[in-house]
Amino acid sequence: MDLTLKVWRQKNREDKGGLETYKVTGILGHYSFLEMLDVMNEQLIMEGTEPVAFDHDCREGICGTCSLYINGEAHGPDRKVTTCQLHMRMFKDGETIYIEPWRSAAMPVIKDLIVDRSSFERIQQSGGFVSVNTSGNTQDANALPIPKMNADKAFDVASCIGCGACVATCKNSSAMLFVAAKVSQYAYLPQGQVERKQRVLNMVEQMDKEGFGNCTNTGACEVECPKSISIEYIAKMNREYLSASITAE
Amino acid sequence: MSKGLSSSSVGRKVLMALSGFFLMFFLMQHFVINFFSVISADLFNEVSHFMGTNGLVQFVLQPVLLVGVLFHLGMGIYLDVKNKAARPVKYAMDKPSENSNWMSRNMIITGIMVMLFLGLHFYDFWLPEIKDKFIDGKWDEPTKYFPHLQHKFQDLARIVIYCISFVFLSLHLLHGFQSAFQSAGFNHNKYTPTIKKLGNLYAIIIPAGFVFIALFHYFNQL
């Protein structure tokens, strides 16, 4: 498979950046998208051109490191996959593929296709945790009865890998699906009750400070989320927030 | 202690939903009263006169409605400006239709079109009513409403603008109805599919009903 790639190149945060065109040849359908980029970078190195910087780590869809807006969609044209799980068989021979970084004021480009996702870290630090005594007399988590339905829902949202596809695909660059997932995963569990109210208030406040947009319920985020997290959890976050706003000290 | 609802993104979203619920409720009662004009001129005059002279409607509900309309418009524009600022660099290649529908992405356009129509609507019906009552002091004219309505619906240009505006309203409601429930936190496997179906029915039946009333009076006077 021979492809034409339009790849975003940007030297640093301050650089304006732009799309560069590269040709890659000999790509097989079973290659992952990141392997195709590896081939492209090998070609660029052989030509004496600086390789394209892009984020990747586990390459098995669980770390949330890879990103990329591919041909107008977060993580490319396939569904329920991260970019590392995207196979080149999804593309046709001779196709032109646009490869861009996530676009959001709250996730600025650092270099080429790599964006700064530390805004997610700061949101997480503001409330995405439970305070548990780990001094040696920690209670066995299994000693706390949890309804199966709640455990399942908590697990569903805990599968969020924080990749940022929700922000990238939302026309408003809203981070509400991410924050809703992090708020909900603790709200369903007994361990999360102590900080429940303050958690949602703090995380929403930090999300707003970071400069993400507002959710307008287009539902694009749940379609592009590699872990299929539903926008029903955004509604849950809204309930949590309203309740906490009214009752928190 | 949390700050006021209007100072957070989630709070603003909930306020948009609440004002949306209020406007949708108002729209339904407006439709019912307008539909009386198809059934009987006397009934329409009677109900319109009641609405136009009742103290609670005039001095409490009407100002609340005006505030609701202006709030929904103002907050909608404010949020849209903020949302656009959240993505200063656009994608060179973007395919939003792969994951969302046109109505959900263009609420600001359909909303502003509806508000532009409201300008004409206020000029046609609301301002003359305000002038009659509050400037000329004519509060007791129980038979003026039906002839006034008929007079406005004689004009073909008005009818065309009216019909196009209600298409925009329908597009706005096709997303807005179910979106208001989602924003207010109502999303449940059991009820959300029904809410979406009800929303589609509301978004088609109410605007189509307004268009029917306008066409009914236009063709009746040919």
Side-chain angles (χ1 to χ4, degrees), chain A residues 6 8 17 19 69-74 77 97-100 103-106 109 167-174 176 179 197 200-201 204-205 207-208 211-224 230-246 248-249, chain B residues 1-18 75-76 78-108 111 175-189 191-192 196:
Chain A
K6 302 262 184 191
W8 186 263
L19 287 169
Y69 212 71
I70 301 161
N71 266 359
E73 288 185 83
I97 304 175
Y98 282 77
I99 309 169
E100 299 174 77
R103 295 294 188 196
S104 169
V109 175
V167 173
T169 200
C170 174
K171 77 179 187 68
N172 310 321
S173 269
S174 170
M176 283 204 190
V179 179
K197 290 176 186 174
V200 65
L201 294 175
V204 169
E205 188 178 354
M207 171 181 75
D208 291 348
F212 291 104
N214 296 272
C215 170
T216 48
N217 303 326
T218 66
C221 54
E222 70 175 0
V223 176
E224 299 293 349
S230 162
I231 58 169
E232 76 171 83
Y233 295 105
I234 298 183
K236 175 165 180 63
M237 177 181 70
N238 295 352
R239 292 197 297 275
E240 293 284 325
Y241 185 84
L242 274 179
S243 165
S245 296
I246 294 163
E249 295 291 324
Chain B
M1 180 67 188
S2 65
K3 293 182 221 160
L5 271 186
S6 61
S7 64
S8 81
S9 53
V10 175
R12 290 187 202 109
K13 194 175 152 174
V14 172
L15 291 174
M16 274 302 273
L18 294 179
M75 186 60 93
Y78 173 75
L79 290 176
D80 192 65
V81 169
K82 273 185 84 79
N83 291 343
K84 286 196 166 64
R87 176 164 294 143
V89 181
K90 308 291 175 217
Y91 291 108
M93 169 64 83
D94 202 5
K95 292 180 183 165
S97 56
E98 292 290 328
N99 48 43
S100 57
N101 64 47
W102 188 92
M103 285 80 78
S104 71
R105 296 193 306 272
N106 292 283
M107 290 296 276
I108 190 70
H175 176 68
F177 188 98
Q178 55 94 10
S179 176
F181 281 88
Q182 163 76 8
S183 290
F186 293 104
N187 186 326
H188 193 283
N189 288 341
Y191 312 114
T192 299
K196 286 186 176 173

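Just so it is clear, the values below take in all heavy atoms, side chains as well, and ignore hydrogens, waters and symmetry mates. Here is the naming used below: chain letters follow the sequence lines, and residue numbers restart at 1 for every chain. These figures come from a predicted structure and were not determined experimentally.
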Query raised in the report: Going through the checks in order, is the side-chain contact (heavy atoms from CB on, under 4.5 Å) test met by B:M107 and A:T216?
Result: CA-CA 9 Å; B:M107 290 296 276; A:T216 48; over 6 Å; no
Query raised in the report: Are side-chain heavy atoms of B:K13 and A:N214 found at a separation under 4.5 Å?
Result: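 Answer no - side chains too far apart.
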Query raised in the report: Is any side-chain heavy atom of A:E222 closer than 4.5 Å to a side-chain heavy atom of B:N99?
Result: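 They are not in contact (no side-chain heavy atoms under 4.5 Å apart), so the answer is no.
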Query raised in the report: Picking from B:A92, B:P96, B:S100, which has the most non-hydrogen pairs under 4.5 angstrom with chain A?
Result: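 Highest number of pairs under 4.5 Å: B:A92.
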With a 4.5 angstrom heavy-atom cut-off, is it the side chain or the backbone of [X] that approaches chain B, or both, or neither?
X	result
A:C215	both
A:I70	neither
A:V179	neither

Count the heavy-atom pairs under 4.5 Å between each of [options] and chain B, then report the option with the highest count.
options	result
A:G213, A:S230, A:A235	A:A235
A:N217, A:N71, A:V223	A:N217
A:I231, A:V109, A:V167	A:I231
A:G17, A:G211, A:G219, A:A168	A:A168

Measure the spacing between [atom1] of [X] and [atom2] of [Y] and express it to the nearest 0.5 Å.
X	Y	atom1	atom2	result
A:I97	B:M93	CD1	CE	11.0 Å
B:K82	A:F212	NZ	CZ	13.0 Å
B:L79	A:N172	CG	CG	9.0 Å
A:E73	B:E98	CD	CD	4.5 Å
A:T218	B:M103	OG1	CE	12.5 Å
B:N187	A:K236	CG	NZ	11.5 Å

Nearest heavy-atom pair of [X] and [Y]: which atoms, and what distance?
X	Y	value
A:M237	B:V10	CE-CG2, 4.1 Å
A:I234	B:Q182	CB-NE2, 3.8 Å
A:L242	B:A184	CD1-O, 4.4 Å

Residue [X] versus chain A: region with a heavy atom under 4.5 Å:
X	value
B:S183	both
B:V14	side chain
B:K90	backbone

Query raised in the report: Is a side-chain donor-acceptor pair under 3.5 Å present for A:S173 with B:R87?
Result: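 Judged by distance alone, the side chains do pair up.
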Report task. Ignoring hydrogens and angles, state whether a donor on the side chain of A:Y69 or B:D94 is under 3.5 Å from an acceptor on the partner side chain. Result ->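 There is such a pair (donor and acceptor under 3.5 Å, judged by atom type) between the side chains of A:Y69 and B:D94.
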Query raised in the report: Within the side chain of B:H188, is there an N or O that forms a donor-acceptor pair under 3.5 Å with the backbone of A:E232?
Result: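 Checking the backbone N and O of A:E232 against the side chain of B:H188, no donor-acceptor pair under 3.5 Å is found.
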Report task. Determine yes or no for a side-chain-to-main-chain donor-acceptor pair under 3.5 angstrom, with A:Y241 supplying the side chain and B:G11 the backbone. Result ->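 No, the answer is negative, given that no donor and acceptor are paired below the 3.5 Å cut-off.
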Query raised in the report: Where do B:S9 and A:D208 land on the side chain to side chain donor-acceptor pair (under 3.5 Å) test, with the steps shown first?
Result: CA-CA 7 Å; B:S9 53; A:D208 291 348; 2.6 Å; yes
